[in-house]
Q: 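Sharing a structure, written as structure tokens. Questions coming.
Chain naming here is simple, since letters A, B, ... match the order of the sequence lines and numbering starts at 1 in each.
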Number of protein chains: 2
Amino acid sequence: MDMKIQSTVPEAITELLRAHQITPTSQRVKVAGILFAEPAHFCAEQVYVRVNADDAEVSKATVYNTLGLFVARGLVRQVFVEPGKVFYDSNTKPHHHFYDTGSGELTDIDALGVALHELPPLPADTELDSVDVIVRIKRQFKTRRV
Amino acid sequence: MDMKIQSTVPEAITELLRAHQITPTSQRVKVAGILFAEPAHFCAEQVYVRVNADDAEVSKATVYNTLGLFVARGLVRQVFVEPGKVFYDSNTKPHHHFYDTGSGELTDIDALGVALHELPPLPADTELDSVDVIVRIKRQFKTRRV
DNA sequence: GTTAGACTTAGAACAATTCTAAGCCTATAA
DNA sequence: TTATAGGCTTAGAATTGTTCTAAGTCTAAC
């Protein structure tokens with residue numbers, strides 16, 4: 001029996017890709033299906049594992065190619081919090097992040113938008129690309145209670 | 001003849017290291033001399049090149065060890081802007097960064113401090129570690145003038 | 001002088017990512 | 001239907017930045 005739960009309607013994914021000038025191949029639809037099932041912060045490895053959870057069908061090179069293409073087309077956004085680890089964030093609305101330095105967990109902070117207001121003038125001949133705010137947090141030492 | 005320009009007084013460096021519980025070995029003093037000659041954003045490789053500009057005397061492992069130690073002791077701060085490249089920032093005052101996505105250049109934005117104000121409540125049992133604001137900028141296409 | 005511990009080193013190992021070159025797939029043309 | 005061309009995918013090699021390892025060096029205290 002082959003009962004897979006489709007977390008997102010494939011046609012919707014296909015449309016999304018087309019809307020971004022991306023030919024919807026089966027591999028790309030699979031990857032997109034994982035990224036857009038819900039707002040998520042996955043690194044390439046996690047996408048690779050998830051995309052091949054049932055059976056190994058998408059190569060690592062393709063996962064990287066696809067993620068790179070999605071980034072170039074503005075479908076997802078990269079978040080850098082640690083050396084040697086890139087997160088791919090499927091939430092494209094302007095928002096920022098909490099990064100738990102202990103667990104490595106990344107969570108959204110939405111509608112902050114404050115940093116943009118009081119931004120100093122940009123250097124000459126440059127324009128704004130994006131603003132990344134990363135709030136690093138750590139687990140509290142519980143000194144009082146046990 | 002051996003006339004080296006000492007950009008920073010070695011005794012001051014030595015003191016700085018001691019003040020941070022760091023035994024001032026010759027290698028560490030050299031690395032610190034480069035980082036603190038002026039506010040700078042170097043990656044490990046750049047430090048390695050500069051520290052050995054005259055003669056190869058400090059190994060790569062030591063550069064990494066030393067930078068890691070400086071980070072742990074709060075002498076310098078890491079900035080992540082790209083996968084696979086860590087910048088070490090000798091400016092320890094609270095500040096943020098412009099990152100030129102074209103040239104890879106990192107420059108300070110000081111006294112912004114805005115993001116901190118309207119920060120949402122932190123997740124339970126966590127405390128603030130740091131706030132990194134990275135404003136990515138890109139060279140403007142000059143469509144009008146030539 | 002010995003000794004212990006911390007520090008440095010070259011080179012190996014490692015992990016994330018990119019590259020390469022070959023094969024595959026699909027749409028269109030003949 | 002069979003060629004053909006282009007883009008897509010692939011395994012595995014290569015690359016890059018970083019960390020590890022194990023051995024050697026230095027230094028300070030005895």
Q: What parts of residues 58-70 of chain B reach DNA chain C, counting only heavy atoms under 4.0 Å away?
A: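 Heavy-atom cutoff 4.0 Å gives B:Val58, B:Ser59, B:Ala61, B:Thr62, B:Asn65.
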
Q: In terms of side-chain geometry, is the basic nitrogen of B:Arg77 or B:Asp132 positioned less than 4.0 Å from the acidic oxygen of its partner?
A: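 A salt bridge links B:Arg77 with B:Asp132.
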
Q: Whether the side chain of B:Arg139 engages the backbone of B:Asp100 through a donor-acceptor N/O pair (distance < 3.5 Å, no angle test) should be reported.
A: no

Q: What range of DNA chain C does chain B touch, first nucleotide to last, counting atoms under 4.0 Å from its heavy atoms?
A: C:dC7 to C:dA10

Q: Is a side-chain N or O of A:His41 found less than 3.5 angstrom from the main chain of A:Leu106, in a donor-acceptor match?
A: yes

Q: Salt bridge check, A:Glu45 against A:Lys60: does any charged N sit closer than 4.0 Å to a carboxylate O?
A: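 Counted as a salt bridge, because a side-chain N and a carboxylate O are separated by less than 4.0 Å.
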
Q: Hey, is the main chain of A:Leu35 close enough, under 3.5 Å, to the side chain of A:Ser90 for a donor-acceptor pair?
A: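 Checking the backbone N and O of A:Leu35 against the side chain of A:Ser90, a donor-acceptor pair under 3.5 Å is found.
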
Q: Hey, is the side chain of A:Thr25 poking within less than 4.0 Å of OP1 or OP2 on D:dG7, counting only N and O atoms?
A: no

Q: Closer than 4.0 angstrom, basic N to acidic O: yes or no for A:Glu57 and A:Lys30?
A: yes

Q: Where the side chain of A:Arg73 meets the backbone of A:His20, is there a donor-acceptor pair that is under 3.5 Å apart?
A: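 Pair found, side chain donor or acceptor close to backbone of A:His20.
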
Q: Expressed as a whole number of angstroms, how long is the span from A:Arg73:CZ to D:dC8:C1'?
A: 14 Å

Q: Distance alone, cut at 3.5 Å: any donor-acceptor contact between the side chains of A:Glu82 and A:Tyr99?
A: yes

